[in-house]
Every structure is written in structure tokens, then in C-alpha cells.
Engineer: 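Sharing a structure with you now.
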Amino acid sequence: METRAVLGEVLSGGSLRVPLQEQSTGVRLVGIEALVARNGGSVLKQRVFSGLPLVARPVQDKKAQDARRRHGHLNIVANAISTSTAPGSAPAAPKEETDVRVQRITDDTCSLRSCSLERLKFEIEYGLKRGTTDNSYLIKGENHTALIDVPDQAFSKGFVETLKSTIDLKDIKYLVIGHISPKRMESLTTLAEALPEGGSPIEIFCSNPAAQQLRGALPSEYLGKYYNINVVKSDECLDLGGGHKLQFLLTPTPRWPDGMCIYDPANQLLFSNKLFSAHVCGESGLDDEGWEEYAEDWRFFFDCMLSPVPKQAKAALEKLPIVAQFSVPSYSGRQGLAVLKADVQYVLSSVLSALKLPIDKAAFLSSGITQGEDLVCAAICPLHGPVVRSSVTELVREYRVWTEKKLKEVEEATIAVIYASAYGNTAALAQAISRGITKAGVGVESVNAEICSSEEITSIIKACNGFVVGSPTLGGHMPTPMKDAMGVILNDSDARSKPCGVFGSFGWSGEAVDEMEQLLKDGGFSFAFPALRCKFKPTESTLQTCEESGTDLAQEVKKAILKQKRSTGGAQYAAASNVEQAVGRVVGSLCVLTAKAGDAESAMLASWVSQASFVPPGLTIAVAKDRAVEGLVLTGSKFALSVLGQGKSGPVAKQLLKPFKPGESRLDGLQIKQTDSGLNVLSDAVTTQKNPKPKTKHACE
């Protein structure tokens, strides 16, 4: 085996950065010696890995191209692997690439970015497959140091090791938790086990729902020894010294009832938790590339996680009157001297903004020219994705626009998604169903039965136009909150006229789904889709079926509303389907679009297809948001386009225009073949276009 030296840079968490010209698939590294600059620049020779067979796996194809375009280099992560491969053969690539990177935000605040270059989970919000980061933050005040949030269990060991190399753990006085889940508990236990013996316990500050989770999940011996739990109220403060007087802002939603944001006035940083997040792993950790680079990621996260709860999203935004640092002042209601002061503020803000000062220095200067009760933000520091500095104004504005749009949809028609979730799997199904509903233009009222009273559920059921209920199976039955919710539904005689559905996840037998389905059947309820059952974690195919089911339910609700309008003397018209509207505009050929992602696949009849460009060759294909295939043709996805010959469209159109059950194959009965990349195309198609790169969700190039 050839042995040679590779010049690279070792990053925190064991990541090895190698120049592009040194990359090769299957490079075997049996120990790495690196030159590490320490102690004011003195160079020490250090063996980073020793005695472990390792593989350096470059990010290839699209990721490599993106990296060259955006950053000019790649991260290659060295991971321990099995030695069972035959001598001379390249070892299997690691399943996941993760590392933890420390990034300075100000002189006294840094982020610990737990990074994954791959899709970390199968929840629908990771659908763009751009990787993700789980961000924690460290604030060193004059008197005390606070850690904000801990990452998912996938990063727990690397996170604690990186934290130990960044700060002496005994110096961490406070841990502020904006969101906790069962999957983050492992990071807390790993941190506790790494704390020095005989030290004082870390004081945890969190919301009441988070405190209840912590007390129920942490080992009893940890409480008092490693952690003390303190419940906070909105607008309470925690003083770290040196102006770092952290302000707590409670922002609960059904999915995150423990949600809390933290504002640090010293540096004008808002730690926004899930709000303003995005599942994307950029190199810099900041949004320096601008709005256009991350706009789709922010919008996709909002659509998946917050569009089902627009009322709670609006309430959270009202608690966060965010304005960007050095923003243009408002002249509304100002007269005389007030107008002159606004002019001075405008000039100063414009000059200071153009200087692009470091965040801490900019915060000091802006504090002298800003007034009022606005939450002035030099940057927004979310739980996932880049720290938002250059796009604060655009992102906050768009959040408000997106929220108002969803509120209008709720006013026109609403479907209640009522669920309880033990380990997050049922919640993931609820999220996918909700996305399918909102894609069809119907509002969602997301209800977590564990934190919602029977009176609230009664009010929601009376107001909604349809509903879906979901439950895990615990001890062979529904949990008590779902039993109570089902009791409310069965007692409402008007609810029987509304279309509904049931879903749930389970580990063994799944009786809860059967119980809910049977109760509703016995009560005379009508189902918009078959019961959805998921064993353990959902796959991409399962989530696609859930999304399609949500869309089917939304279409049933829209039909019912239209029928009601007709019966009460409303407008006499029939809504044209998306296909009919497209056929009315056909200029070129009739085509079949097929797409696949993992074990999920779908197809549709495409009649609005045109040439978008000559150099490079490009196509534009119209895909309605409520089509099942839409979730499979996101940016970076692969699809195939089969052009139908003259006289051959009849049987294909008949097959693809009929109604399908969620998860049912669209291509059954048609003659198909597979391309080299695994995509299905029609065998008798005139021609096919394979694997183009979608430029946007609905304009594919």
C-alpha cells in the first residue's frame, strides 16, 4: 500500500481539511501527524490519530461543485471504520459525517456548531437534504459564564469534548435551555459525567414545560449533584455581569411547548431557538452569502414547522419586536424636533451600517442611537443553520408575511391536527400531514393534546372543517391525553359531518391506531384516507404517504365547502383541476414526470412543459404544490421526463388522472424501464430527459 504525506488542517472535533488536489476516494489513513499552531503561534507536531484505521471521504458530485463555487475547498472528515474489508480494497464510507466547530461571534460570545453534511434525520423539515447544524452558544460575562442549549444525541460526545477544549467546565455557572427533547437528554447526561468532581452543580434556567421534561427524564441522582432546575417567567432576566443581562422571552408552540428565546442586550444578540432556523450546513456559520443563498432553506423550515401553527407564530413574533441594528428610523407620527432627531439617526445608521463593524463594537455604538421598546438585533442566533446578520430585516419581514398568509388560509378553511407524541415519531407524522394540508391551500390548527385542555379542543373541533387524530401506543393503549381528546370529538354531534383521518406510530403492536379508527367508525365518521400506521421511525416513503394523505383530506374539505356554497345559493361553478388548467395552455407535448428520493417515488402527467434556455439546455415544468410529486422535485433532486408520442397518450392519461390512495403507485399497469440512476421512464416514450438539476421548486433546469 502506498504511503504518502498529505498537508491538511485539523479542525475542532477531529475534522481534517484537505486541499482539493489531495482528495482521492478511499484514502487510507493509519494515523495522522499534523502541525498545530498553539500558544501564540508556536508550532507543535502532534499525532492526532494513532493506531486507528481511518478513511477520508470527499464530498463528491453536487456537493463538491457547490463547495468549489461557494468556498473553494471541502471538509473531509476522518472517521474510524471496520477493518473487515479485503486488503487493497477501499473501505466502506462512513454513514454520517459530523463534527463540532467553534466560531467566535464577539469577543465574549461564541457558537459551538454541531455539523452534519448529510441529512441527519428523516423528519420532513430535513427534506432539502442540505445537511444541518445544531447550535449551542457560550457567553462569558464579567462575573459568570452561561451555556445556551445542548445538541442532539448524534453530537453529544463530540460536543462535550469540544466544549472541554474551549472552556474549563467548572467555569460554566448557568445552562439556559430554550428547547429540550428526549433526543437532547443524552447531551445533558454526557456533560454531567464530564463535570469535575466536587464542583458546584450547573444552574439550569428553562420554561416550565422544559423543567417537567428534565425532572422526568434525568436520573434522580443527577438533580442536586450536577444540575439544579430553575423555572423562569417571560421577561425575567439573568445577569452575567458586564452588561450581559439575559432576558427570557417565552415563545411556546404545540410542537415546542417549552420554546424560549433569549436576548443579550450587551451584544444585541437574539438567541431565537427554533425560530428563524434552517436545516443547512454552510461553511462559515454566518449568512454572509446573503438572502438569496439561504432564502429557500428558511422558507422550507417555516413551511414545515410553523405554517401549521400561524396563530402561535404570530404571537411569538409579537413578543419579538425585532429591528435590525442600524435600521432606518420610522418617521410615523413625528413632528418638529423629533423629525430632526430621526434625520440624525438615519445618517448615523447609514454610515455605521456601511462600515460593517464587528458585532460587539457595533452594538456599543448602536445603543446610543436607538430608542423605544424595539428588540434591536445585531444578529439572530438560531438553533439550526447560520447566524443571521446580513439578512435580519429580510428574514423578519418575510416571517411576518408568511404568517399573515397562513392566517388568511385559516380563516377560509381549517383542519385540526390533534396528536400526542412520546418519542417524536408521531409528531413527525403530524408534521408531514400538516404540510400536505397547507400545500393544498387549507389552514392547519395544530393541537398537542398533552398541553391542550378539553375546553380548547372542544372549541377547535367546533370551528374546524375537518380533523385528523394521531397517537403513539403506550402499554397497548392510547395515552390519556388522546383518550380525553377522542371523548371530546365523539361527544360533538356536528363533528360527524366533517372528513377525518387517523395515524400513529408504535414499537410493537399499534393498538392505539386501531382503537381510534374503530371509535370513529362506530360513531359514523367518514374517513378521507386509510389509517396511517408507522412502526418505529418514519421513512421517506412513510412521510410522503402522510403528506399525500393530508392533501387528500384538504381536497375533501374544499369540496365540502364548495358544495355548501352551492346549496346556499353561492356561485355556480366547478373548480378546474390543475391538469385541466395545464391542458388548456398546452403548446408542446404531453409528458410524464417521474421522481424518486430514497424509497419514496411518484409520477404525474405534465402538460405545461417548455424550453427555458438554449445554453445551457433548460426546461420549465409546472408542478402544483398539492401534487404528490412536488416534495420529490426540490432543489438538488433527480427526475425523469418521458415525452409521449402521438396517439399514445390515452392509456397513460387514463392511468395518471385517476384518483390514487396515499402511497399507491402511479405507474402500475404501464410499461416502464429504469434509467442508470434508478428513475422510472415509460418504455415507449419518444424521448426522455434524465437527471436535470432543479433550480427552484417549480422551475426545473
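The chain is numbered in sequence order, starting from 1.
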Engineer: Begin from the C-alpha positions of Ile148 and Ser136 and carry the test side-chain contact (heavy atoms from CB on, under 4.5 Å) through to its verdict.
Structural biologist: CA-CA 6 Å; Ile148 297 181; Ser136 301; over 6 Å; no
Engineer: Please check if atom NZ in Lys319 has more than 12 non-hydrogen atoms from other residues, nucleotides or ligands closer than 6.0 Å.
Structural biologist: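 Buried by this count: over 12 neighbours within 6.0 Å.
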Engineer: Which heavy atom of Ala440 sits nearest a heavy atom of Asp626, and at what distance?
Structural biologist: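 That would be CA-CB, 3.9 Å.
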Engineer: Taking the side chain as C-beta and beyond, is there a heavy-atom pair between Ile177 and Asp149 under 4.5 Å?
Structural biologist: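 A side-chain contact under 4.5 Å exists here.
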Engineer: Would Glu515 and His477 count as having a side-chain donor-acceptor pair, cut-off 3.5 Å?
Structural biologist: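 Per modelled atom types, Glu515 and His477 side chains form a pair under 3.5 Å.
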Engineer: Have Asp522 and Gln518 got a donor and an acceptor in their side chains that come within less than 3.5 Å?
Structural biologist: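 There is such a pair (donor and acceptor under 3.5 Å, judged by atom type) between the side chains of Asp522 and Gln518.
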Engineer: Does this structure show an ion pair linking Asp152 with Arg184, if we count only N-O contacts that are shorter than 4.0 Å?
Structural biologist: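 A salt bridge is absent here (no side-chain N lies under 4.0 Å from a carboxylate O).
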Engineer: Under 3.5 Å, is there a donor-acceptor pair linking the side chains of Lys129 and His279?
Structural biologist: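 Distance-only check fails for Lys129 and His279.
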Engineer: To the nearest 0.5 Å, what is the distance between CD on Gln247 and SG on Cys237?
Structural biologist: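 One gets 5.0 Å once the value is rounded to the nearest 0.5 Å.
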Engineer: If you define the side chain from C-beta out and look only at heavy atoms, does anything of Asn465 sit under 4.5 Å from Ile415?
Structural biologist: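 SC-SC contact between Asn465 and Ile415 ruled out.
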Engineer: Would you compute the distance between atom SG of Cys546 and atom CG of Leu532 and round it to the nearest 0.5 angstrom?
Structural biologist: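 Here the interatomic distance stands at 5.0 Å.
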Engineer: What is the minimum heavy-atom distance between Phe529 and Val502, and which atoms define it?
Structural biologist: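 That would be CE1-O, 3.9 Å.
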Engineer: What do the steps show when you test Phe159 against Phe155 for ring pair (Phe, Tyr, Trp, His ring centres under 6.0 Å), and what is the final call?
Structural biologist: CA-CA 6 Å; Phe159 168 75; Phe155 306 106; 9.2 Å; no
Engineer: Would you check if there is a donor-acceptor pair between the side chains of Glu409 and Thr438 at a distance under 3.5 Å?
Structural biologist: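 There is no such pair between these side chains.
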Engineer: Look up atom NZ in Lys233 and atom CG in Asn208, then write down how far apart they are to the nearest 0.5 Å.
Structural biologist: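 So the gap between those two atoms works out to 10.0 Å.
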Engineer: Should the heavy atoms of other residues, nucleotides or ligands under 6.0 Å from NZ of Lys483 be counted, would the total exceed 12?
Structural biologist: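 Count over threshold, so yes.
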Engineer: What is the minimum heavy-atom distance between Val442 and Ala413, and which atoms define it?
Structural biologist: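 Nearest heavy atoms, Val442 then Ala413: CG1-O, 3.6 Å.
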Engineer: Report the distance from atom CD of Glu296 to atom CZ of Arg130, rounding to the nearest 0.5 Å.
Structural biologist: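 Spacing of CD (Glu296) from CZ (Arg130) equals 7.5 Å.
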Engineer: Is the closest side-chain donor-acceptor distance between Thr190 and Glu193 under 3.5 Å?
Structural biologist: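 Their side chains do not contain a donor-acceptor pair, so the 3.5 Å distance test is not met.
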Engineer: Output yes when a side-chain donor or acceptor of Asn448 lies under 3.5 Å from a complementary backbone atom of Arg255, and no otherwise.
Structural biologist: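 Looks like no, no N/O pair under 3.5 Å.
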Engineer: Looking only at heavy atoms, what is the nearest atom pair of Leu667 and Ala603, with distance?
Structural biologist: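 Heavy atoms only, the tightest pair is CD2-CB, 3.8 Å.
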Engineer: Give a yes or no on whether a salt bridge exists between Glu630 and Arg627, defined as a side-chain N under 4.0 angstrom from a carboxylate O.
Structural biologist: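 Answer for the salt bridge query: no.
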Engineer: Should Glu517 and Lys521 count as an ion pair when the cut-off is N to O under 4.0 Å?
Structural biologist: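 Between Lys521 and Glu517 there is a salt bridge, with a charged N closer than 4.0 Å to a carboxylate O.
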Engineer: Begin from the C-alpha positions of Tyr419 and Phe503 and carry the test side-chain contact (heavy atoms from CB on, under 4.5 Å) through to its verdict.
Structural biologist: CA-CA 9 Å; Tyr419 69 95; Phe503 67 97; 4.0 Å; yes
Engineer: Considering only NZ, NE, NH1 and NH2 on the basic side and carboxylate oxygens on the acidic side, decide whether Glu445 and Lys311 come within less than 4.0 Å.
Structural biologist: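 Salt bridge flag = yes for Lys311 with Glu445.
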Engineer: Decide yes or no for Thr426 and Ser471: does some side-chain heavy atom of the first lie under 4.5 Å from some side-chain heavy atom of the second?
Structural biologist: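 No, every pair of side-chain atoms sits at 4.5 Å or beyond.
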Engineer: Could you tell me if the side chain of Asp599 sits less than 4.5 Å from the side chain of Thr542, heavy atoms only?
Structural biologist: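 Not touching, per the 4.5 Å side-chain cut-off.
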Engineer: Kindly state each residue pair satisfying salt bridge (Lys or Arg N to Asp or Glu O under 4.0 Å) with at least one member in residues 544-557, sequence neighbours excluded.
Structural biologist: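 Non-adjacent pairs meeting salt bridge (Lys or Arg N to Asp or Glu O under 4.0 Å): Lys439-Glu547, Glu548-Arg666.
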Engineer: Do any N or O atoms from the side chain of Thr253 and from the backbone of Trp256 form a donor-acceptor pair under 3.5 angstrom?
Structural biologist: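 Here the side-chain-to-backbone pair exists.
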Engineer: For Phe527, is the CZ atom crowded, meaning more than 12 foreign heavy atoms sit under 6.0 Å from it?
Structural biologist: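 Counting other residues, nucleotides and ligands, CZ of Phe527 exceeds 12 neighbours.
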Engineer: To the nearest 0.5 Å, what is the distance between CG on Leu474 and OG1 on Thr480?
Structural biologist: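 Between Leu474 CG and Thr480 OG1, I get 9.5 Å after rounding to 0.5 Å.
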Engineer: Taking all heavy atoms of Met260 and all of Asn273, pick out the closest pair and write down the distance.
Structural biologist: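 Heavy-atom minimum between the residues: O-CB, 3.6 Å.
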Engineer: side-chain contact (heavy atoms from CB on, under 4.5 Å) for Tyr226 and Ile202? Distances and angles first, verdict last.
Structural biologist: CA-CA 6 Å; Tyr226 299 121; Ile202 293 176; over 6 Å; no
Engineer: Is it true that a side-chain atom of Asn425 and a backbone atom of Pro538 form a donor plus acceptor pair closer than 3.5 Å?
Structural biologist: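 No, Asn425 side chain to Pro538 backbone: no donor-acceptor pair under 3.5 Å.
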Engineer: Is any side-chain heavy atom of Thr132 closer than 4.5 Å to one of Tyr126?
Structural biologist: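 Yes, side chains in contact.
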Engineer: Parallel under 30°, tilted from 30 to 60°, perpendicular over 60°: which one fits the rings of Phe525 and Phe467?
Structural biologist: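 Taking Phe467 first and then Phe525, their aromatic rings stand perpendicular (interplane angle over 60°).
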Engineer: Could you measure the distance from the SG atom of Cys115 to the CG atom of Leu117? Nearest 0.5 Å is fine.
Structural biologist: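 Output value for this atom pair is 7.5 Å.
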Engineer: Could you tell me whether the side chain of Lys498 and the main chain of Cys464 form a donor-acceptor pair under 3.5 Å?
Structural biologist: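 Looks like yes, one N/O pair under 3.5 Å.
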Engineer: How about Asp258 and His179: does a side-chain donor come under 3.5 Å of a side-chain acceptor?
Structural biologist: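 There is such a pair (donor and acceptor under 3.5 Å, judged by atom type) between the side chains of Asp258 and His179.
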Engineer: Taking all atoms of both residues into account, what is the closest heavy-atom pair of Ser307 and Cys304, and its distance?
Structural biologist: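 Distance-wise, the nearest heavy atoms are OG-N, 4.4 Å.
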Engineer: Between Tyr263 and Phe271, does the ring centroid distance fall short of 6.0 Å?
Structural biologist: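 Distance test on ring centres: not under 6.0 Å, no.
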Engineer: Quick check: does any side chain N or O of Glu664 sit under 3.5 Å from a backbone N or O of Lys661, one acting as donor and the other as acceptor?
Structural biologist: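 The answer is yes, because a donor-acceptor pair under 3.5 Å joins these two groups.
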Engineer: Check whether any side-chain heavy atom of Leu553 lies under 4.5 Å from a side-chain heavy atom of Val468, and answer yes or no.
Structural biologist: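 The answer is yes, as the side chains (C-beta and beyond) meet within the 4.5 Å cut-off.
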Engineer: Would Cys500 and Leu520 satisfy side-chain contact (heavy atoms from CB on, under 4.5 Å), going step by step from the backbone distance to the final call?
Structural biologist: CA-CA 9 Å; Cys500 67; Leu520 293 173; 4.2 Å; yes
Engineer: So do Val280 and Tyr294 actually touch side chain to side chain, heavy atoms under 4.5 Å?
Structural biologist: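 The answer is yes; the side chains approach within 4.5 Å.
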Engineer: Thinking salt bridges, do Arg101 and Asp99 make one under a 4.0 Å N-O criterion?
Structural biologist: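 Counted as a salt bridge, because a side-chain N and a carboxylate O are separated by less than 4.0 Å.
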Engineer: Please examine the side chains of Leu169 and Ile172, heavy atoms only from C-beta on, and report whether any two atoms are closer than 4.5 Å.
Structural biologist: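 Yes - at least one pair of side-chain heavy atoms lies under 4.5 Å apart.
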Engineer: Trp402 vs Tyr399 aromatic rings, parallel, tilted or perpendicular, using cut-offs 30° and 60°?
Structural biologist: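 The rings of Trp402 and Tyr399 sit tilted, inter-plane angle from 30° to 60°.
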Engineer: Any side-chain to backbone donor/acceptor pair from Ser156 onto Ser187? Under 3.5 Å, distance only.
Structural biologist: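 Between the backbone of Ser187 and the side chain of Ser156 there is no qualifying donor-acceptor contact (under 3.5 Å).
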